[in-house]
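Data block below; observations after.
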Amino acid sequence: MRRRTLPVIAMLLAAASVGRSRDLPEAPEGFHWEQATGIKAALLAPDGWFFREEAKPTVIAYVISREDSKAAGKFETGFTLNVNRVSRGDSVEWAKKVVAEFSKAKKNKLLKSWDVNRPVLTGAGCDVEIGEGRDGIKMELVALGNPRTNAVYLMTFEAPLARWDEAWKLGREMMSHVSLSDEF
């Protein structure tokens with residue numbers, strides 16, 4: 001497992017609470033907590049960034065982005081958490097399969113991949129580059145399954161390749177401070 005991933009998993013497991021603000025640690029300077037009450041979670045957001053929730057019949061999406069994605073539905077730099085329940089099969093296997101297929105997609109250049117093996121939330125992650133130059137982006141993706149509830153959590157942070165190093169300073173904090181409930 002990569003060193004960079006350890007804080008993500010540690011926070012996920014330590015935060016098996018319902019994500020209420022009184023259960024959360026103080027946000028790092030320049031950040032605040034956004035409540036994802038529909039899934040009993042809390043997400044770390046940089047001050048001044050935009051937060052939105054979008055619920056569809058099979059998935060709930062939470063987006064924290066530098067750009068206001070409400071009108072356009074897209075952004076250049078940001079974090080996304082998609083949550084759904086697997087109706088058939090194993091949520092952990094589903095999470096691992098998503099990462100494996102994403103990392104092998106023709107347009108994606110796999111940089112690193114790793115497994116996440118924890119008592120409740122288990123899955124995999126990868127770093128990829130998609131495209132090149134001005135149009136290219138870099139993305140970190142972590143997919144976790146909760147076999148008790150059949151919930152699958154798909155977290156990504158992405159930014160243009162040209163701005164990745166600067167953006168990742170914020171993205172690392174966002175991916176490292178995710179409070180998920182093991183009850184959803």
Give the minimum heavy-atom separation between [X] and [Y], together with the two atoms involved.
X    : Y    : answer
G123 : L144 : N-CD2, 3.9 Å
A27  : H32  : CB-CA, 3.9 Å
L180 : L81  : CD2-CD2, 4.1 Å
V92  : G145 : CG2-O, 3.7 Å
A143 : A95  : CB-O, 3.5 Å

Do you reckon [X] sits in the same ILVMFWY cluster as [Y], going by side-chain contacts under 4.5 Å, direct or chained?
X    : Y    : result
M174 : F50  : no
F51  : V83  : yes
W114 : V178 : yes
M139 : V99  : yes
L161 : L170 : no

Approximate separation, where rounding is to 0.5 Å, of [X] [atom1] and [Y] [atom2]:
X    : Y    : atom1 : atom2 : answer
C126 : K104 : SG    : NZ    : 11.0 Å
K96  : D90  : NZ    : CG    : 8.5 Å
D127 : N108 : CG    : CG    : 11.5 Å
S103 : K109 : OG    : NZ    : 14.5 Å
N82  : Y153 : CG    : OH    : 12.5 Å

Quick one, [X] and [Y] - any side-chain contact, counting heavy atoms below 4.5 Å?
X    : Y    : value
V98  : V152 : no
L111 : K138 : yes
L141 : V128 : no
M155 : L43  : no
Y62  : I60  : yes

Partner set under side-chain hydrogen bond (donor to acceptor under 3.5 Å, both in side chains) for S69, not counting sequence neighbours: R52
Residue list, salt bridge (charged side-chain N to carboxylate O under 4.0 Å, His left out) with K70, at least two apart or on another chain: none
Salt bridge (charged side-chain N to carboxylate O under 4.0 Å, His left out) involving K56 - partner list, sequence neighbours excluded: E54
Donor-acceptor check, side chain of [X] to backbone of [Y], threshold 3.5 angstrom: yes or no?
X    : Y    : answer
T149 : F184 : yes
N146 : D182 : yes
E67  : E76  : yes
N150 : V86  : yes

CG (D47) with more than 12 external heavy atoms under 6.0 Å: yes
Applied to residues 80-113, the ring-ring contact (aromatic ring centres under 6.0 Å, His included) test, sequence neighbours excluded, yields none
If hydrophobic residues (ILVMFWY) are linked whenever their side-chain heavy atoms come closer than 4.5 Å, directly or via other members, who joins F75 in its cluster? V63
Can you name the side chain to side chain contact (heavy atoms under 4.5 Å, CB included) partners of A159, sequence neighbours left out? T77, F157, W164, A167
Could you go step by step and tell me if W168 and M175 meet the side-chain contact (heavy atoms from CB on, under 4.5 Å) rule? CA-CA 10 Å; W168 183 239; M175 294 289 284; 4.2 Å; yes
W49 vs E34, test: side-chain contact (heavy atoms from CB on, under 4.5 Å). Steps then yes/no. CA-CA 11 Å; W49 282 35; E34 289 286 357; over 6 Å; no
Using side-chain contact (heavy atoms from CB on, under 4.5 Å), reason through L44 and W33 one step at a time and then give a plain yes or no. CA-CA 5 Å; L44 193 66; W33 289 104; 4.1 Å; yes
